[in-house]
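Just so you know, residue 1 is the first one in the sequence shown, and it goes up from there.
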Amino acid sequence: IGLNFMSYMKGCKTGSASYAQIVGEYGTWGVNVMFQGYGKMTETSASGEILGNMKALDMVWSGSYSHALSERWVGGVSGKIIYSHLGEFSSCALAVDLGLNYFIEEKDFSLSAVARNLGGQVKAFGDHHEKLPFDLEVGFTKGLGHAPISISLTLVDLTRWSNDYFYSTAKKIGKGRILTNHFNLGVDIKPASMLYISAGYNFRRAYEMKAAGSSHAAGLSFGAGVNLNRIKLGLAYAKYHTGAPTLALSLAYNFQKKQ
């Protein structure tokens, strides 16, 4: 079972709870619920008249199943119910995520591909139904021999290559910059069997935050945690916007004792 909580902008908080269990020799199933609360906002009319306060909330319920297809291939699918509430308006969507992983244990190498948000709205905020933000991601992780270090590279938003998709103060973004904006780098270090330290760099977030006038720690994220016999505890730091950094806390408990 796992619990996660993160403080976001002022008044905004996000969290999740999940449970997973092994099924037979090759399968694993799990359930998850996640929320994003945006706090109170001032509600106004179309003419700018203040009507009072309103609340906004997003929630996602999901169920997942993964199966070992062979010694090195694992596939998975996740079905999601997405609910969004904004004042007196609400919306609901159904979506599916698909994933495939290839792992070579003796070389400590993993290659994965994920397709997110395949689906659509079943209830719109108004008369217009919007498309879900489909995302295609490909990434790999490689351990560095006998050193307790692994490096990851993930390419995200692989269906979005338009200049208009990225925030910039320039009229046009170069092709090289558009390419690097799809890159996420990560490093994991395990100085001890029960301890890990992580660092990441998001090229797009760094570029857009610098364009917005915030270069301090732009694109960087850091994390650390301990893996005890049954309990896992983690803490992470990142900056997603120009206002303030965020802290995320994760806690997991394994009901099955390690051998």
Side-chain angles (χ1 to χ4, degrees), residues 1-8 12-37 57-68 74-83 95-101 103 105 108-112 114 116 137 139-143 148-152 154 156 184-202 220-240 245-259:
I1 187 170
L3 300 172
N4 297 275
F5 179 81
M6 183 179 75
S7 62
Y8 199 50
C12 300
K13 296 177 176 60
T14 182
S16 67
S18 59
Y19 176 81
Q21 183 173 318
I22 296 174
V23 181
E25 188 176 355
Y26 302 105
T28 302
W29 66 268
V31 291
N32 177 272
V33 59
M34 180 175 64
F35 78 91
Q36 173 78 61
L57 174 71
D58 292 334
M59 292 198 69
V60 179
W61 297 268
S62 63
S64 305
Y65 179 76
S66 64
H67 191 85
V74 176
V77 58
S78 179
K80 303 185 294 186
I81 301 174
I82 305 170
Y83 173 79
V96 173
D97 297 342
L98 301 175
L100 187 63
N101 175 259
F103 180 60
E105 184 176 4
D108 198 7
F109 174 81
S110 177
L111 176 67
S112 300
V114 178
R116 302 185 188 276
E137 302 178 6
F140 75 87
T141 300
K142 179 70 175 69
I149 302 173
S150 60
I151 297 176
S152 301
T154 305
V156 300
N184 290 337
L185 285 176
V187 178
D188 293 293
I189 304 173
K190 290 185 177 180
S193 59
M194 65 176 62
L195 176 67
Y196 72 86
I197 302 171
S198 303
Y201 186 76
N202 185 306
L220 290 172
S221 59
F222 303 95
V226 291
N227 297 329
L228 304 178
N229 190 22
R230 292 191 179 186
I231 297 176
K232 295 181 180 180
L233 180 65
L235 183 67
Y237 165 94
K239 195 172 183 181
Y240 295 99
T246 63
L247 288 176
L249 177 67
S250 63
L251 175 66
Y253 181 81
N254 190 349
F255 291 96
Q256 185 175 1
K257 188 176 180 179
K258 292 183 179 179
Q259 299 296 325

Taking C-beta and beyond as the side chain, do [X] and [Y] meet within less than 4.5 Å on heavy atoms?
X	Y	answer
N32	S16	yes
L100	L111	no
T14	Q36	yes

Output all residues satisfying ring pair (Phe, Tyr, Trp, His ring centres under 6.0 Å) with [X], sequence neighbours left out; order by chain, then residue number.
X	value
W29	Y19
Y201	F203
Y237	none

Would you please name every residue forming a side chain to side chain donor-acceptor pair (under 3.5 Å) with [X], sequence neighbours left out?
X	value
T246	none
E137	R116
T154	none

For residues 57-67, which side-chain donor-acceptor pairs fall under 3.5 Å, sequence neighbours excluded?
| residue | atom | partner | partner atom | Å |
| --- | --- | --- | --- | --- |
| D58 | OD1 | S84 | OG | 2.7 |
| D58 | OD2 | Y38 | OH | 2.7 |
| S64 | OG | S78 | OG | 3.0 |
| Y65 | OH | H67 | ND1 | 2.9 |

Which heavy atom in [X] sits nearest to a heavy atom in [Y], and how many Å separate them?
X	Y	value
L195	G225	CD1-O, 3.2 Å
A68	V74	CA-CG2, 4.1 Å
Y196	G234	OH-CA, 3.7 Å

Could you walk me through whether L233 and L249 pass the side chain to side chain contact (heavy atoms under 4.5 Å, CB included) test, one step at a time?
CA-CA 8 Å; L233 180 65; L249 177 67; 3.8 Å; yes
For side chain to side chain contact (heavy atoms under 4.5 Å, CB included), just list the numbers for M194 and V226, CA-CA rounded to whole Å, side-chain angles, deciding distance to a tenth of an Å, and then say yes or no.
CA-CA 5 Å; M194 65 176 62; V226 291; 5.5 Å; no
In chain order, what residues pass the side-chain contact (heavy atoms from CB on, under 4.5 Å) check against [X], with sequence neighbours excluded?
X	value
A199	F222
L98	V77, V96, L118
S250	N4
A236	A248

Taking everything shown except F35 itself, do over 12 heavy atoms lie less than 6.0 Å from its CZ?
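Above 12, so yes.
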Residue K190 excluded, over 12 heavy atoms near NZ under 6.0 Å:
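Check fails, neighbour count at 12 or below.
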When rounded to the nearest 0.5 angstrom, what is the spacing between [atom1] in [X] and [atom2] in [Y]?
X	Y	atom1	atom2	result
F109	S150	CZ	OG	12.5 Å
I189	I149	CD1	CD1	5.0 Å
I151	K142	CD1	NZ	9.5 Å

Residue list, salt bridge (Lys or Arg N to Asp or Glu O under 4.0 Å) with D188, at least two apart or on another chain
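Salt bridge (Lys or Arg N to Asp or Glu O under 4.0 Å) list for D188, sorted by chain: empty.
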